[in-house]
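Heads up, the thing below is written out as structure tokens.
Predicted, not measured: the structure shown is a model, and the values here were computed from it. All chains are named by letter (A, B, ...) in the order of the sequence lines, taking the proteins before the strands, and each is independently numbered beginning at 1.
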2 protein chains.
Amino acid sequence: MLLTVKEMSKLADVSIKTLHHYHKIGLLLPAQVTEAGYRLYGQKELERLQGILFFRELDFPLKMIHKILDSNLDRISILKQQKKLFLKRIQKLHQLINTIDESIHSTVKGEHMDQSNLFRGFSSEAEWEEALQEQNEHLTQAYQYDLLKENSIQIEEMNEAAIEAQRFTSKMIAALQNKLTANDDQVQAIVKQHLHYLNTHGHQIKPSDYLQQTRFFIEDDFHREMLESQQPGLAYYLHVAAISYAETQQK
Amino acid sequence: MLLTVKEMSKLADVSIKTLHHYHKIGLLLPAQVTEAGYRLYGQKELERLQGILFFRELDFPLKMIHKILDSNLDRISILKQQKKLFLKRIQKLHQLINTIDESIHSTVKGEHMDQSNLFRGFSSEAEWEEALQEQNEHLTQAYQYDLLKENSIQIEEMNEAAIEAQRFTSKMIAALQNKLTANDDQVQAIVKQHLHYLNTHGHQIKPSDYLQQTRFFIEDDFHREMLESQQPGLAYYLHVAAISYAETQQK
DNA sequence: TGTTGACTCTGACCTTAGAGGAGGATTTAG
DNA sequence: CTAAATCCTCCTCTAAGGTCAGAGTCAACA
């Protein structure tokens, strides 16, 4: 099941030239090269390409991507790290939007914004450097070991219940992102399924209990942080979904 | 009140070389050049630089930035357009995070993801091209006129109340982004202030009325869309904040 | 007034991440 | 068996700057 350059380029939406380039600099080697010199790629290469593109989207230079991918970090750690970086990037963009809003505002009023405020949000490029730097350190130091541990232990420890919770959460995130209302049937079905799972696995949770729990998620710093960092607004979305669910179940 | 290259570069966090470059290609001309050839920039140039950097952040090529900024679009239309593009970009990043999540998930389970799913989210580069294209059309066609109209009329029509609402919303967005709980004192103060404004400007809204209203914002497609597109989760955040506010006011 | 240190200029060359195209080989489909 | 599609290598080109080098300029302190 090997893919030609064209097939790869279509799948991943990169140019053939890019594949050539990555081959030349050793960043992505074909799984195999035919007699005639045709490049062929397999599943592993596809996954590697995915990793490359994530980092590229984050403006990492190819050399650094190379180093990261060729270090002995496992795929999961890398994916998690990438996710973190994307979340940071999103924060930054929000900040920039804020700056735009302020600029619009003061322009409408015919004022001139304070000079440094004109550029708020960009300066976090410095933080970006930091993140990049941090990535680098992972590679050279024992710290890397900690990270690896931190990331993979969590995963191995995840029992079935945790996996269910994780899955539930990501469904809710998807729902929120896709702009389903919290009282949408689909969303309510997800909640129902979640509670059903819990109730058939050693818990006993009524809709009203769950409502309490989601409220707690908002009030408790730790839980709120965890939810909100996955998706801003999530904690509140869960709560409203729970309200809605409790209401319909009550009747 | 003119700034030297160094001062500019510090303010906007760009290199001096970049300023040289922009000068050379005519993208950003100094307000004035001294006898000795020193570049000096004023307020107008600062604002233009801001515009350039926003587009650069959005990966527009400098040439296109040049065209856009030198077209006769007013600053406001451009800022609004940029905001739209940033929102799109954020959507894209969310999509990518989704893809990362799925990748993590299937890797943990030792499965291989469906090939094309590995790259979901990237492909929206095509859409991106579209947006870029669209921008281009603005410049050449009468369509531009429509956009201009659409954008600026809204603004001129904005009466004081609308401005207050807008300001309230952006404060709440900031609060959500900065991870303040909906029942945080600061957030509650914002709500209070908002209601106070309304009540002193021809409305009569009790906390419980406002609660009803935020509920309506979630249920009504149009309003929810509007809020959620500004900041995912916002509609729910507003609602929970209103719940909290109503509770405390009741006592 | 002179000198030092911080800034600034131009200009030439370097770098990254590819894009484009020429010229030629290979594969596949009819 | 031939034409179209795909692939190869090699060469040059581009965008958006970064990196010196060599030289002029400015402010401020002694």
Side-chain angles (χ1 to χ4, degrees), chain A residues 2-42 45 48-49 51-69 122 125-126 128-129 132 136, chain B residues 2-42 45 48-49 51-69 122 125-126 128-129 132 136:
Chain A
L2 294 174
L3 303 170
T4 67
V5 279
K6 177 141 212 221
E7 289 161 341
M8 280 285 272
S9 91
K10 276 206 173 157
L11 265 179
D13 198 36
V14 295
S15 74
I16 293 178
K17 275 287 164 188
T18 300
L19 293 175
H20 287 178
H21 189 57
Y22 292 173
H23 187 181
K24 185 173 299 170
I25 66 175
L27 178 55
L28 179 66
L29 304 172
Q32 188 189 321
V33 179
T34 69
E35 300 266 301
Y38 283 32
R39 296 165 178 84
L40 297 174
Y41 302 86
E45 287 71 31
R48 186 173 170 106
L49 180 55
I52 293 171
L53 294 183
F54 281 137
F55 278 124
R56 189 179 71 166
E57 185 70 34
L58 289 161
D59 298 319
F60 278 55
L62 298 188
K63 269 189 188 161
M64 178 153 305
I65 298 178
H66 200 331
K67 277 192 207 164
I68 295 172
L69 294 183
F122 285 119
E125 311 261 335
W128 200 249
E129 291 292 312
L132 220 130
N136 224 349
Chain B
L2 295 174
L3 303 171
T4 66
V5 279
K6 177 141 212 220
E7 289 161 341
M8 282 285 273
S9 89
K10 275 206 172 155
L11 264 178
D13 198 35
V14 297
S15 75
I16 292 177
K17 262 298 157 181
T18 300
L19 293 176
H20 287 178
H21 189 57
Y22 292 173
H23 187 182
K24 186 173 299 173
I25 65 176
L27 178 56
L28 179 67
L29 304 172
Q32 188 189 322
V33 178
T34 70
E35 300 267 301
Y38 284 31
R39 297 164 176 86
L40 296 174
Y41 302 85
E45 288 71 31
R48 187 173 170 107
L49 180 55
I52 294 172
L53 295 184
F54 281 138
F55 278 124
R56 189 179 71 168
E57 185 70 34
L58 289 161
D59 297 319
F60 278 56
L62 298 188
K63 269 189 187 163
M64 177 154 307
I65 298 178
H66 201 332
K67 277 192 207 163
I68 295 172
L69 293 182
F122 284 118
E125 311 261 336
W128 201 247
E129 291 292 314
L132 220 128
N136 226 348

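The distance between atom CG of A:Leu3 and atom P of D:dT6, rounded to the nearest whole Å, is 15 Å. Per the geometry, NZ belonging to A:Lys6 stands 8 Å off C1' belonging to D:dT6, to the nearest Å. Straight-line distance from the OH atom of B:Tyr22 to the P atom of D:dA16: 8 Å, rounded to whole Å. One can place CE of B:Met64 at 16 Å from C1' of D:dT14, the figure rounded to the nearest angstrom. Going from atom CD1 of B:Ile65 over to atom C1' of D:dA16 covers 11 Å, rounded to whole Å. The interatomic distance linking B:Leu40 (CG) with D:dT25 (P) rounds to 15 Å, in whole Å. For the pair A:Ile16 CD1 and D:dT6 P, the interatomic distance rounds to 9 Å; values are reported in whole Å. Between A:Lys24 atom NZ and D:dT12 atom P the separation is 12 Å, expressed in whole Å.
Between B:Lys17 and D:dG17 there is no side-chain N or O to OP1 or OP2 distance below 4.0 Å. Taking 4.0 angstrom as the limit, B:Thr18 places a side-chain polar atom (N or O) nearer than this to OP1 or OP2 of D:dG18. Using a 4.0 Å cut-off, some side-chain N or O of A:Thr4 falls inside it from OP1 or OP2 of D:dC7. For D:dC8, one of the phosphate oxygens OP1 or OP2 lies less than 4.0 angstrom from a side-chain nitrogen or oxygen of A:His20.
Using a 4.0 Å heavy-atom distance criterion, A:Ser15 is classed as a sugar-phosphate-only contact.
Between the side chain of B:Tyr38 and the base of D:dG24, a donor-acceptor pair under 3.5 Å is found.
A 4.0 Å heavy-atom criterion places the boundary nucleotides of DNA chain C facing chain B at C:dC7 to C:dG11, written 5' to 3'.
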Original post:
Taking it one step at a time, do B:Leu49 and B:Met8 satisfy side chain to side chain contact (heavy atoms under 4.5 Å, CB included)?
Top reply: CA-CA 9 Å; B:Leu49 180 55; B:Met8 282 285 273; 3.8 Å; yes

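Side-chain contact check for A:Gln32 versus A:Leu2: some heavy-atom pair is nearer than 4.5 Å.
Between B:Ser15 and B:Ser9, the shortest heavy-atom contact is C-CB, 4.2 Å.
Side-chain atoms of A:His23 do not come within 3.5 Å of backbone N or O of A:Pro30 as any donor-acceptor pair. No donor-acceptor pair under 3.5 Å is formed between the side chain of B:Arg39 and the backbone N or O of B:His20. Listed for the A:Glu7 side chain is a donor-acceptor partner under 3.5 Å among the backbone atoms of A:Thr4.
Mapping A:Arg39 and B:Lys63 onto DNA chain D by nearest heavy atom places A:Arg39 closer to the 5' end of the strand.
In the set D:dC8, D:dG17, D:dC26, the nucleotide with an atom closest to the side chain of B:Ala36 is D:dC26.
If you run side chain to side chain contact (heavy atoms under 4.5 Å, CB included) between B:Leu28 and each of B:Leu19, B:Ile65, B:Leu69, B:Val14, only B:Leu19 comes through.
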